[in-house]
Structure formats: structure tokens, C-alpha cells
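Atoms within each ligand, like the ligands themselves, are counted from 1 in listed order.
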Amino acid sequence: MKDALLRGDLCHREPEFADLLGRLRERLPAVLGVAATHEAVLITGSGTAVMEAAVIGAVRAGRSMLVVNNGVYGDRLARIGRANGITVHEVRPDGDPITRWSTPIDPQAIQDALAAHPDVDAVACVQHETTTGMINPVAEIGRITHDGDRVFLTDAISSTANEDPPLSRVAADIVCGTSNKGLHGQPGLGFLLCSARGAERIEQAPTRSFYLHPWSYLSAQRNGDVPFTPAVQVMYALDEALSELTDHGGVDARVRLYRDRADLVRSGFERLGLRILVQPAWRSNSVTMLRLPAGVTYGRLHDELKRRGYVSYGGQSHLSRDYFRLCTMGEIAWHRLAGLACALDESIIAARA
Ligand SMILES: *Cc1c(COP(=O)(O)O)cnc(C)c1O
């Protein structure tokens with residue numbers, strides 16, 4: 001797939017580029033099981049650019065947005081709304097700051113917030129809060145949202161192709177995804193998947209940004225064109241990554257693969273007596289947040305793990321002192337996964353010494 005990055009230059013005003021764009025616009029919804037209901041819009045940029053385009057396109061003038069805030073990315077959706085002049089209402093789980101970021105939202109809380117704020121035009125929720133490795137009940141939230149002409153926006157950036165439920169079972173109108181993470185492409189390219197209602201909303205939303213106005217992208221791409229210079233090589237790499245995903249059995253097989261990986265590494269963490277922050281029923285298949293063992297600081301543990309060939313992530317915000325994350329996303333050989341618990345055990349001992 002990385003060979004795709006070494007392809008020669010291709011002018012994005014040539015017919016070969018229109019073919020590539022058309023192919024990706026067709027393949028993304030097909031591979032993700034939503035070809036009958038959704039159309040794809042490609043946007044060059046990191047995942048946050050796609051989140052911003054989605055928020056901008058989801059809310060009409062004078063209306064508000066309801067955001068589920070139970071992690072860094074939900075919080076980011078709310079901040080993006082406010083930065084673009086949109087009135088934002090937030091729903092959060094109850095409890096102390098750590099509980100609030102490790103508990104999925106109760107759909108009843110959304111129901112109550114919608115009753116309290118009749119001007120809500122869009123509900124936004126992250127499917128997989130990468131902050132803690134927690135899954136929100138997006139299928140239920142989609143059903144609640146669709147009372148009236150509200151749209152449901154979901155950030156599925158870290159869940160596309162690797163988490164349950166698949167997008168085909170989530171009634172989302174605007175889905176944010178990127179070509180890296182679970183799709184195994186390269187960073188620098190994101191996409192929206194829009195239902196008919198989502199696309200209509202994007203057309204109606206006011207122009208809050210020049211560069212990230214999603215209607216500019218959607219209307220141009222329907223004609224095989226792009227408004228600005230796209231990351232052409234990253235698009236070729238995504239085309240390859242989609243072929244690899246299909247060759248390996250598609251989304252169902254990838255979800256199973258990620259679940260098997262999670263089972264393998266988590267049984268090792270349990271043997272080591274490490275505590276996983278998120279309750280089993282809400283855990284994702286790809287990110288595990290662990291409590292740091294007593295007497296171990298994250299900085300030392302990170303360096304010891306890295307010396308053994310494993311890169312870890314720290315906790316974000318108020319989770320940084322006591323928690324850290326291990327992520328099993330992307331191309332990883334089984335023997336590397338099988339060796340993780342042993343490397344972690346040695347690293348903890350070394351970090352304490
Ligand atoms: C990775 C991620 C993003 C995007 O982050 P970027 O650094 O802008 O690519 C957005 N939402 C979620 C849930 C993520 O995991």
C-alpha cells in the first residue's frame with residue numbers, strides 16, 4: 001500500500017484524478033456497508049478538519065447543537081461548534097471527572113436535553129472515545145435524534161471498520177472518518193459520509209468557513225471536481241487500503257480481528273494485575289486505558305516500553321497522572337501482540353527500579 005505514495009505526480013485537473021475521486025466516493029460507502037444510504041465527501045486534512053466541516057454543515061442559522069461530552073473528542077466537537085459561532089448545549093455523564101470520561105452517555109440524558117432545548121438542529125456524539133477506549137451508544141442516539149428534522153452527526157474516526165456497531169446499523173446523517181486509523185491508510189485525508197438528510201442539511205447550512213465549508217466539497221465532488229488541491233498520493237494509498245480491507249474479508253473480518261487482538265492483550269494485562277479503566281461492556285476493540293501501577297510514572301514506563309519496541313500513549317488532560325493507553329490499531333504482527341504483556345511486565349519492573 002505504501003507504494004501508492006511513491007506514484008508519480010498527478011495533476012488534480014486531469015481525468016485520471018476524476019477517476020480516482022469517483023472510485024473512492026463509490027468505494028468508501030460500499031466497503032463500509034452504507035452504499036444504499038450515504039455518499040462520501042473527501043476532505044484533505046487531519047481528522048479534526050473533517051470534524052470541523054461536519055459541525056459547520058450540521059446546523060442551520062439560528063439553531064443549536066447538542067454535543068455528548070465524555071472525552072477529549074466530544075469536548076472538541078463542542079469547542080469547534082463554539083469557535084464557529086454555533087450555540088452548543090452539552091450532555092455529560094454524572095460523577096467525578098474520571099467517571100465522566102469513562103462512562104458512555106445514557107440515551108435518556110439526550111432525550112431530556114432535547115426536550116429542554118427545542119432549537120437543537122443536530123446531535124453530535126463520538127462513537128469511540130479514543131481518550132479512554134470507550135464506545136458510546138450511537139445506534140440508540142441516532143434513533144432518538146431522528147424525531148423531527150434533526151440530524152445525527154457522529155465522529156467515527158477511530159471506529160471506522162474496527163468497532164461495533166458497524167455504520168450500517170447507526171442511523172447517522174453525517175459521519176466523520178479518516179483514511180488512517182482503522183482503515184489502515186495514510187494520515188492527511190478525511191471524509192464525510194452523508195445520508196440524504198445530511199447532504200441536504202450541508203447544503204442549507206450557512207458559510208461559516210471559507211476552506212472548510214462542506215458544501216463546497218460536496219457540490220464540486222458530485223461533478224468529479226475538488227475545490228482545492230487534494231492530497232492525491234494519500235488518496236491512492238486509501239484506494240489500496242480499501243482493496244486490502246476487502247481482500248481480507250471486509251469490515252466484519254476486521255472487527256473480529258481487532259476483537260481477537262484486544263482479547264489477547266487484555267488477558268495479558270489481567271495476568272499482570274493491571275486495572276482497565278473502562279467497564280468490559282463499553283470497551284472498544286482497539287484502545288485500552290490502564291491505571292499506572294503504584295510507584296511508576298508514565299514518562300519512565302513509556303521509555304522502557306519504547307526500548308522494548310512498543311510505543312504507548314499517555315492519558316490526556318486529567319487522566320494523564322494515573323492512566324496510560326495501549327492501542328492495537330493498524331498493521332501489527334501477532335507475535336508483537338503476544339509479546340506485549342511480557343514487555344510491559346519488564347518495563348514496569350525497570351521503571352520502578
Ligand atoms: C484521531 C481522532 C480524531 C482526529 O484527530 P486528528 O489529530 O485531527 O487527526 C478525531 N476524533 C477521534 C475520536 C479520534 O480518535
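- Using a cut-off of 4.0 Å between Lys/Arg side-chain N and Asp/Glu carboxylate O, Arg307 and Glu304 are scored as salt-bridged.
- Between Arg76 and Asp155 there is no salt bridge, since no side-chain nitrogen of the basic residue lies less than 4.0 Å from a carboxylate oxygen of the acidic one.
- Close contacts of ligand 1 with His128, meaning ligand atoms under 4.0 Å from a residue heavy atom, involve 13 (C).
- For the pairing with Leu28, the side chain to side chain contact (heavy atoms under 4.5 Å, CB included) check across Leu242, Leu192, Val34 returns one residue only, Leu242.
- The Thr130 neighbourhood of ligand 1 comprises atoms 12 (C), 13 (C), 14 (C), 15 (O), with distances under 4.0 Å to a heavy atom of that residue.
- Note on Arg201 versus Asp173: no salt bridge recorded, every NZ/NE/NH1/NH2 to OD/OE distance being 4.0 Å or above.
- Of the N or O atoms in Lys181, one or more lie within a sub-3.5 Å distance of an N or O in ligand 1.
- Backbone and side-chain nitrogen or oxygen atoms of Asp155 are examined, and one is located within less than 3.5 angstrom of a nitrogen or oxygen of ligand 1.
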Under the criterion side-chain contact (heavy atoms from CB on, under 4.5 Å), I'd like the reasoning laid out for His128 against Ser286: C-alpha separation, chi angles, the key distance, then a yes or no.
CA-CA 9 Å; His128 171 208; Ser286 48; 3.3 Å; yes

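- One finds the CD atom of Gln221 at 5.5 Å from the CG atom of Leu42 (value rounded to the nearest 0.5 Å).
- Considering backbone and side-chain atoms together, Gly47 places an N or O closer than 3.5 Å to an N or O of ligand 1.
- Near Val126, with a cut-off below 4.0 Å to any heavy atom, the atoms of ligand 1 are 13 (C).
- Taking every non-hydrogen atom of Ser158 and a distance limit under 4.0 Å, the qualifying atoms of ligand 1 come out as 13 (C), 15 (O).
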